[in-house]
Amino acid sequence: MAQIDGLPPLREVIATHGLAAKKSLGQNFLLDLNLTARIARIPGDLSQADVLEVGPGPGGLTRGLLANGARRVLAIEKDSRCLPALAEIAEAYPDRLTVIEGDALEVDPLQHLTGPIHVVANLPYNVGTELLIRWLTPQVWPPYWQSLTLMFQREVAERIVAQPGGKAYGRLAVLAQWKAEARIALSLPPEAFTPPPKVSSAVVHLTPRPAPAFPADPGVMERVVAKAFNQRRKMLRAALKGLHPRIEDKLEEAGIAPTDRAETVSIERFAALARALQG
Ligand code: SAM
């Protein structure tokens, strides 16, 4: 294994600090520093950027980001056991790493960062999905972040990048791709982690579009898409009943056949429907 810095190997860090993985915190650690360095390169040049890292754990990805030249990293970690290991990294990279002990769902990173900001995280998938939705639905667009590089279960990653016509296509795909360009940047087998999870994982890279891909009121778009996929096996004229007294006319106005099902409708058509319902 190549040395990316002068710090001890991660297995040693884990043994020294007693960081046995806790299932309740979704702890599956990446111990291969070559791999974490590869993930750290996904957002591109970080020398002029701040990085928000969520869930650094023993710091494998943090070390990858710092070795890759990130100007500054703000890391939010819930497990206080990890703090001494992270403090050693902060010492090795003076003035470049700030660690906050806390729940990423509660800490406001903008209190601590100036930007441009790249977000990088290997999180338990439920926390990751919740944060992704928050990052995609801020008060103002474009958002504060320049990119998101996020590890998910492979199945969740596929739902984010899914195209119309398949089972994976749903709310997450429409929301993510309406607001951002999303791609799977790296796939990882369970054995890449310690302990290995039951399923494969993938890193998704998202960059925000300057404006949503097709114009529509975000609130109306969200309601339409949620309702359409809530009953995804129903024809849209039935699934969307209640949204408008003449929903069939509105569907046709948007270029959607009332007998279509949500999973075949493109993001462009959903936005057209949201506009038809707005106007
Ligand atoms: N980044 C490390 C790596 O790649 O090896 C650790 C990844 S591990 C899958 C997830 C990390 O997120 C753990 O360190 C866990 O303690 C932390 N975590 C879980 N829930 C969190 C939350 N709500 N806020 C901040 N950190 C959290």
Side-chain angles (χ1 to χ4, degrees), residues 1 4-5 7-43 51-68 70 73-90 97-109 111-113 118-135 148-154 156-157 185-204:
M1 195 181 295
I4 63 165
D5 53 33
L7 290 159
L10 283 156
R11 278 188 199 285
E12 202 177 307
V13 172
I14 284 175
T16 309
H17 297 285
L19 300 179
K22 277 194 190 167
K23 221 175 166 178
S24 61
L25 284 168
Q27 292 183 336
N28 302 98
F29 300 132
L30 290 169
L31 303 187
D32 178 350
L33 289 167
N34 290 315
L35 186 55
T36 62
R38 253 175 90 190
I39 298 170
R41 283 195 293 271
I42 293 172
V51 177
L52 166 62
E53 191 199 352
V54 192
L61 196 46
T62 321
R63 286 165 64 175
L65 290 162
L66 290 163
N68 189 35
V73 177
L74 174 75
I76 306 174
E77 173 56 59
K78 199 171 172 179
D79 184 354
S80 59
R81 296 179 311 156
C82 298
L83 300 186
L86 295 167
E88 284 173 9
I89 304 172
L97 172 62
T98 306
V99 181
I100 295 183
E101 180 190 350
D103 185 335
L105 294 165
E106 280 158 24
V107 177
D108 176 8
Q111 304 270 326
H112 309 271
L113 292 174
H118 293 266
V119 178
V120 178
N122 173 17
L123 276 171
Y125 88 101
N126 54 338
V127 182
T129 311
E130 163 92 37
L131 283 170
L132 172 63
I133 290 169
R134 289 194 199 178
W135 283 319
L148 305 175
T149 302
L150 311 173
M151 181 84 71
F152 286 105
Q153 291 185 346
R154 172 93 208 174
V156 177
L186 189 68
S187 294
L188 294 173
E191 313 79 76
F193 300 84
T194 304
K198 289 205 175 66
V199 294
S200 296
S201 301
V203 179
V204 181

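Being a predicted model, the structure only gives us computed values, none of them experimental. Hydrogens, waters and symmetry mates play no part in the numbers below; they use all other heavy atoms, side chains included. The chain is numbered in sequence order, starting from 1. Numbering of ligands and ligand atoms starts at 1, following listing order.
Ala70 and Val51 make their closest contact through CB-CG2, 3.9 Å (heavy atoms, listed as atom of the first residue, atom of the second, distance). Annotation for Gln27 and Ala21: closest pair O-CB, 3.4 Å, computed over non-hydrogen atoms.
Screening Val73, Ile39, Thr36 for a side chain to side chain contact (heavy atoms under 4.5 Å, CB included) involving Leu65 leaves a single residue, Val73.
Taking CD1 of Ile14 as the start and CZ of Phe29 as the end, the distance is 5.5 Å to the nearest 0.5 Å.
The main-chain N or O of Phe193 is never found under 3.5 Å from a side-chain atom of Asn28 such that the two would form a donor-acceptor pair. Counting only distance, with no hydrogens or angles, the side chain of Glu53 and the backbone of Val120 share no donor-acceptor pair below 3.5 Å.
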Hey, what polar pairs (N/O, under 3.5 Å) does ligand 1 make with protein?
unit_1, atom_1, unit_2, atom_2, d
ligand 1, 1 (N), Gly55, O, 2.7
ligand 1, 1 (N), Pro56, O, 3.4
ligand 1, 4 (O), Asn122, ND2, 2.8
ligand 1, 5 (O), Leu30, N, 2.8
ligand 1, 14 (O), Gly57, N, 3.4
ligand 1, 14 (O), Glu77, OE1, 2.8
ligand 1, 14 (O), Glu77, OE2, 3.4
ligand 1, 16 (O), Gln27, NE2, 2.9
ligand 1, 16 (O), Glu77, OE2, 2.6
ligand 1, 23 (N), Asp103, OD1, 2.9
ligand 1, 24 (N), Ala104, N, 2.9
ligand 1, 26 (N), Lys78, N, 3.4

